[in-house]
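A short worksheet on the structure shown next.
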Amino acid sequence: MTKKIMILPGDGIGPEIVSQVSKLIKWYNENTDLNFETENGLIGGASIDAYGHPFTDETLEKCRSADAILMGAVGGPKWDDVDFDIRPEAGLLKLRKELELFANLRPALVFDALIDASSLKPEIVKGLDIMIVRELTGGIYFGEPRGIETLKNGERRGFNTQTYTTSEITRIGEVAFELAKKRSNKVHSCEKANVMESGKLWREEMTILHADKFKDVELEHMYADNCAMQLLRNPKQFDVIVTDNLFGDILSDEAAMLTGSLGMLPSASLGAINTDGKMHALYEPVHGSAPDIADQGIANPLATILSFSMMLRYSFGYKEHADRLDNAVQTILNRGLRTKDVMAKNCTEISTMQMGDEIISELSS
Ligand code: NAD
C-alpha cells in the first residue's frame, strides 16, 4: 500500500539534511516492495518569507491527511525580529497542537563507534539504549491560570499551573508500556509525587494502568530528581522512561547528551490512534536549524535519517527495514566515515550528500 509522507524541510540546514531522506525514499521506491508518495511543504522562516505565516492552514491540512510527516528544523537569525506569535517556532507548535501529538519519543542510543563523544566513561555508556517518552501537550507549559501580575505591595508575581488529568496520564502511560513490550520490558515512571499533587496523581494512575493492562511489564516509580542523578550514575538501568512535559524536557536533553552528538539524535511525536486506525506522527531530528553551518555541505544528516527509520518502525510497522537502516548507519560509522561534527582521529570526513550516498550504497550491498 502506498504511504503518503509530507516533507517539511524548514530552515537553515533543514533542506540539506531532509534531501538525504528524499534520496533514500526514492531508493526504497525503486529497489524494494515499499511504496511512498511524497509532497514538500513550507514551515518556519521559509513559510514566513513565502506566505507571511510560519505554518499555513493549507499545509496543515496536507499534514493532517498524510500518513506521516518528516521535518528538518525551523528558525534562524533572519527571523529573530518577527512578531512573537508568528516566529518560526510558532509554526512547529501549531503543527504539534493541531494534530495533538502528545507523545514525544526521544531515543538516547550510543553507537559503539562514537563512544568517545560522550562525556561519561565508555564503560558507563557502552551499549546504552534508552527511550524517553515525554508527555508533550499538557502539564505546566499549557496549564491555566498562568501569567505575571503586580501585587498590591508593588511586587510582581509570575505563576504557571501544573495540571494533568487521568486520561492524559493514561494515554502517555499506554504508549510507554506498549513500547517497553517491544524492547526490554521495563518502564520507569518519573514525577515528584513527594511534593506535587499532580505527581501523586501521576503515580497513582500509572499504578492503576499497570495493574489493569500491563502486569507483564516491569514498572518502577522514581522521583524525577533521582532520575536525573541516575542517568549520570548508571544510565544502563533504564529501558523506557515515561514522564511529564516539564521533567521530560529536561531529562530527555540530559539523556541525549550522554550520547555526545547532537547530529545523531532522532525523535518522533505521536498522536492518538483514531477510530479509522490512523495515527498522526511527526518525525524530526532533535537539533535545530544550525544556521552557523547552513549551505556548507557539512551538516550531519544521520539524525534525520534515523528519524525516518523511526517512521518506518512506528508509523508503518516496517521493522525489518528500520533495523536494516539503523544497521547501515552503524556500519558506515564503524567504517570511520564521518561528517565534520563527529569527526575523530583516523576517520575520513565526508559531506552531507556523501553520507546520504554511503547509506544508500550500504543498503544496496
Ligand atoms: P542547533 O541545534 O541548531 O545548533 C547547535 C550547534 O550544534 C551548532 O553549533 C550547530 O552547528 C550544531 N549542529 C546542530 N545540528 C547539527 C547537525 N545535524 N550537523 C552538524 N552540526 C549540527 O541549536 P541553536 O544554534 O541553539 O539554534 C539554531 C536555530 O534553530 C534557532 O533559531 C533555534 O530556535 C532553532 N531550533 C529549532 C529546533 C527545531 O526546529 N525543532 C530545535 C532547536 C532549535
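Note that ligands are numbered from 1 as they come in the structure, with each ligand's atoms numbered from 1 the same way. Heavy atoms only: backbone and side chains are in, while hydrogens, waters and symmetry mates are out.
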Practice problem: Output, in order, the C-alpha distance, side-chain angles, deciding distance and verdict of side chain to side chain donor-acceptor pair (under 3.5 Å) for Thr59 and Tyr51. | Solution: CA-CA 11 Å; Thr59 313; Tyr51 308 118; 5.8 Å; no
Quiz item: Passes side chain to side chain donor-acceptor pair (under 3.5 Å), Thr166 versus Glu205? Steps please.
Solution: CA-CA 7 Å; Thr166 299; Glu205 294 298 347; 3.1 Å; yes
Quiz item: Going through the distances and angles, do Arg87 and Asp80 end up as a salt bridge (Lys or Arg N to Asp or Glu O under 4.0 Å)?
Solution: CA-CA 8 Å; Arg87 69 199 190 283; Asp80 274 354; over 6 Å; no
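Only one option out of Asn245, Asp249, Asn160 pairs with Tyr141 in a side-chain hydrogen bond (donor to acceptor under 3.5 Å, both in side chains); it is Asp249.
Note on residues 146-169: pairs passing ring pair (Phe, Tyr, Trp, His ring centres under 6.0 Å), not counting sequence neighbours, are Tyr164-Trp202.
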Could you go through ligand 1 and note, for every N or O atom, any protein N or O atom closer than 3.5 angstrom, writing the atom names and distance to 0.1 Å, or 'none'?
{"residue": "ligand 1", "atom": "2 (O)", "partner": "Gly288", "partner atom": "N", "Å": "2.7"}
{"residue": "ligand 1", "atom": "3 (O)", "partner": "Gly288", "partner atom": "N", "Å": "3.4"}
{"residue": "ligand 1", "atom": "3 (O)", "partner": "Ser289", "partner atom": "N", "Å": "3.3"}
{"residue": "ligand 1", "atom": "3 (O)", "partner": "Ala290", "partner atom": "N", "Å": "2.8"}
{"residue": "ligand 1", "atom": "9 (O)", "partner": "Asp292", "partner atom": "OD2", "Å": "3.0"}
{"residue": "ligand 1", "atom": "11 (O)", "partner": "Asp292", "partner atom": "OD1", "Å": "2.9"}
{"residue": "ligand 1", "atom": "11 (O)", "partner": "Asp292", "partner atom": "OD2", "Å": "3.0"}
{"residue": "ligand 1", "atom": "15 (N)", "partner": "His287", "partner atom": "ND1", "Å": "3.3"}
{"residue": "ligand 1", "atom": "18 (N)", "partner": "His287", "partner atom": "NE2", "Å": "3.1"}
{"residue": "ligand 1", "atom": "18 (N)", "partner": "Asn300", "partner atom": "O", "Å": "3.0"}
{"residue": "ligand 1", "atom": "19 (N)", "partner": "Asn300", "partner atom": "N", "Å": "2.9"}
{"residue": "ligand 1", "atom": "30 (O)", "partner": "Ser289", "partner atom": "N", "Å": "3.1"}
{"residue": "ligand 1", "atom": "30 (O)", "partner": "Ser289", "partner atom": "OG", "Å": "3.2"}
{"residue": "ligand 1", "atom": "32 (O)", "partner": "Gly76", "partner atom": "N", "Å": "3.1"}
{"residue": "ligand 1", "atom": "34 (O)", "partner": "Glu89", "partner atom": "OE2", "Å": "2.5"}
{"residue": "ligand 1", "atom": "40 (O)", "partner": "Val74", "partner atom": "N", "Å": "2.9"}
{"residue": "ligand 1", "atom": "41 (N)", "partner": "Glu284", "partner atom": "OE1", "Å": "3.4"}

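Residue Glu144 places its CD atom among more than 12 non-hydrogen atoms of other residues, nucleotides or ligands, all under 6.0 Å distant.
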